[in-house]
There are 2 protein chains.
Amino acid sequence: MTAKLPSRWQRKKDVRPGEILDAALELFVEKGFRATKMEDIARAAGVTKGTPYLYFQNKEDIFKAVVRESLVNELSDLSQLAARHEGDVSSLLALLMEVWWARIGSTRGAGLCKLMMAEAANFPELATFYYQEVILRGRTMVADLIRLGMARGEFRAVPVESAVDTLMAPLIASMVWDHSFGCILQAGEDADPSRRLAVALDLILYGLKNNNTSEEN
Amino acid sequence: MTAKLPSRWQRKKDVRPGEILDAALELFVEKGFRATKMEDIARAAGVTKGTPYLYFQNKEDIFKAVVRESLVNELSDLSQLAARHEGDVSSLLALLMEVWWARIGSTRGAGLCKLMMAEAANFPELATFYYQEVILRGRTMVADLIRLGMARGEFRAVPVESAVDTLMAPLIASMVWDHSFGCILQAGEDADPSRRLAVALDLILYGLKNNNTSEEN
DNA sequence: ACAATTAATAAATCACAGTTCATTAGTCGG
DNA sequence: CCGACTAATGAACTGTGATTTATTAATTGT
């Protein structure tokens, strides 16, 4: 006997926060932080202006919640995947990039990363949080893998941090790109980003690998 | 007999626009577009709220002027440099990156590029303009160089566009990084970005070069 | 069925920042 | 020195959009 009233509104305390955050994610990614109005978020979530304030302090608070919700979990999944893997480091890196693309790069999450970078200066504490929880964690993971590859003789000796930078750069660039100028281009003008990432990785790995022993293959 | 009055304002029609754009560049890079107030720009330029409107339509107009003013010229200088160079392609690419860093990457210009990416969705026409005038031009230049390297046997055969992406990615990443999370970090936590760029380039070039003949060296 | 409770609304508040405009003050030609 | 002109001012206007709050309507327990 709970549902059949065509009343002008519904009480759904338990699901409201999630609905609001979903709507906010969508709009933030599409328009940026400042440009999305609270009323838009509310309407998109099927409620009115005031309702979000029942669940969140203010707009910033919603932004923070959205970021925590959508990015941190994804990243820790990636670490677990890496921890489980057996086999050579190159193929693990390729796998990681593939999964990263599927789970983050090609999703709204990427737009959020880009937004985070765009707004970092305006939200110092959130930026710090994100840096600690997401970026540093990811970098450490990759750095460890590179060291492992070097220890095994799979990779030649290179400065580890710089190699991490080089490997990360295509990911960052693709996220930023797709959600800035990428939106402007005609469809097809910039084909299949996932393949491009793969090629970039190949190129970098080729530069990273110890090619002295590769002749015997 | 023009200057000695301690009057509360000065008439300087010819230099005002430049002063205003300088102030705006500084503030936009520091705070982003929305967060910088017209009054801040005016004050930083040594005038009052109304004055900028004598020279520019509105805030957007100032933003556009700043972008055109500060980025396009720099980039065309780079093309000229490339056109003049003789010698192998690898060293030209290294040189270009070095000059890029000195003239753009390490200057306010980088902050502006980052801002442009952050705001591209809000300024479609400006983004398109920038894409045509700056990005496309730069990419074409690099693509031509890579093709040249391949034709000479200096580089192995790789998909050109992807190689361009890979070479550009560290530049984009460094601009974005330095003006987002980079601001947050303690000094020294992320050492010398120019050296990092150089290492990244080495790594990528190593992956790009045709190593079959390098044994004879 | 009815009080007490609280989710949700919608109208009102409030502050800020972009823009305008009537006024003031230098400038320039004669 | 004077009048026409215009750079510059800064007070006033304005729209917008984030919060607040009084009110309404479900819900829940008894």
Side-chain angles (χ1 to χ4, degrees), chain A residues 1-28 30-66 115 119 121-123 126, chain B residues 1-28 30-66 119 122-123 126:
Chain A
M1 68 173 72
T2 48
K4 82 178 111 183
L5 316 173
S7 59
R8 101 190 118 152
W9 50 271
Q10 308 257 320
R11 287 163 66 95
K12 302 192 292 182
K13 181 183 178 181
D14 41 353
V15 296
R16 285 288 186 232
E19 294 177 342
I20 291 167
L21 291 183
D22 285 352
L25 170 58
E26 193 84 21
L27 287 167
F28 282 151
E30 184 188 328
K31 306 187 180 239
F33 177 74
R34 298 266 179 168
T36 53
K37 300 177 249 193
M38 285 299 274
E39 194 167 5
D40 291 344
I41 295 175
R43 195 174 14 251
V47 295
T48 54
K49 296 177 66 164
T51 306
Y53 290 92
L54 298 178
Y55 300 99
F56 302 94
Q57 294 259 320
N58 51 35
K59 196 176 165 186
E60 281 199 22
D61 197 34
I62 293 180
F63 183 60
K64 293 180 190 178
V66 166
L115 185 57
E119 300 286 350
N122 300 326
F123 299 99
L126 182 55
Chain B
M1 67 173 70
T2 49
K4 80 178 110 181
L5 315 174
S7 59
R8 103 192 116 149
W9 52 271
Q10 309 255 320
R11 289 163 65 96
K12 302 192 293 181
K13 180 183 178 181
D14 40 355
V15 295
R16 286 287 186 232
E19 294 176 341
I20 290 167
L21 291 182
D22 285 352
L25 170 58
E26 193 83 21
L27 288 167
F28 283 151
E30 184 187 329
K31 307 188 178 239
F33 178 73
R34 299 262 181 167
T36 54
K37 301 177 248 195
M38 285 298 275
E39 193 167 6
D40 292 343
I41 295 175
R43 194 173 15 248
V47 295
T48 53
K49 295 178 65 164
T51 306
Y53 290 93
L54 299 178
Y55 301 100
F56 303 93
Q57 294 260 321
N58 51 34
K59 198 175 164 186
E60 281 198 22
D61 197 34
I62 292 180
F63 183 60
K64 294 180 190 177
V66 165
E119 302 286 349
N122 300 325
F123 299 97
L126 181 56

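Chain letters run A, B, ... following the sequence lines, proteins first, then strands; residues in each count from 1. Note that these values count all heavy atoms, side chains included, but never hydrogens, waters or copies made by symmetry.
Comparing Arg11(A) and Met38(B) along DNA chain C, the residue whose closest nucleotide (by nearest heavy atom) sits nearer the 5' end is Arg11(A).
Rounded to whole Å, atom P of dT19(D) lies 10 Å from atom CG of Asp61(A). Atom P of nucleotide dA12(C) and atom OH of Tyr53(A) are separated by 18 Å, given to the nearest angstrom. Rounded to whole Å, the distance from CG on Asp40(B) to C1' on dA17(C) is 10 Å. For the pair Asp14(B) CG and dT6(D) C1', the computed distance is 14 Å after rounding to whole Å. Across the protein-nucleic acid pair, Leu54(B) atom CG and dG26(C) atom P stand 16 Å apart, rounded to whole Å. Taking atom CD of Glu19(B) as the reference point, atom P of dA7(D) lies 15 Å away to the nearest angstrom. Residue Lys49(B) contributes atom NZ, which lies 11 Å from atom C1' of dT14(D) at whole-angstrom precision. Note: CD (Gln57(A)) to C1' (dT20(D)) measures 14 Å, nearest angstrom.
Nucleic acid contact class of Lys12(A) (heavy atoms, under 4.0 Å, all strands): sugar-phosphate only. Contacts of Tyr55(B) with the nucleic acid, taken as non-hydrogen atoms under 4.0 Å apart, involve only primed sugar atoms and P, OP1 or OP2. In this structure, Lys37(B) reaches the sugar-phosphate backbone alone: every heavy-atom distance under 4.0 Å involves primed, P, OP1 or OP2 atoms, never a base.
Between Thr51(A) and the phosphate of dT9(C), there is a side-chain N or O to OP1/OP2 separation shorter than 4.0 Å. Look at Lys13(B) and you'll find a side-chain N or O under 4.0 angstrom from OP1 or OP2 of dA7(D).
Aromatic ring orientation, Phe33(B) versus Phe28(B): tilted (interplanar angle from 30° to 60°).
Residues satisfying the side chain to side chain donor-acceptor pair (under 3.5 Å) test with Lys64(B), not counting sequence neighbours, are Glu125(B).
Annotation: Glu60(B), atom CD; neighbour count of heavy atoms from other residues, nucleotides and ligands within 6.0 Å is above 12.
For the pairing with Glu19(A), the salt bridge (Lys or Arg N to Asp or Glu O under 4.0 Å) check across Arg43(A), Lys12(A), Lys13(A) returns one residue only, Lys12(A).
Lys59(A) contributes no side-chain N or O that forms a donor-acceptor pair with the base of dT19(D) under 3.5 Å.
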Return all side-chain donor-acceptor pairs below 3.5 angstrom for residues 47-56 of chain B, not counting sequence neighbours, or 'none' if the list is empty.
{"from": "Thr51(B)", "atom 1": "OG1", "to": "Thr48(B)", "atom 2": "O", "distance (Å)": "3.4"}

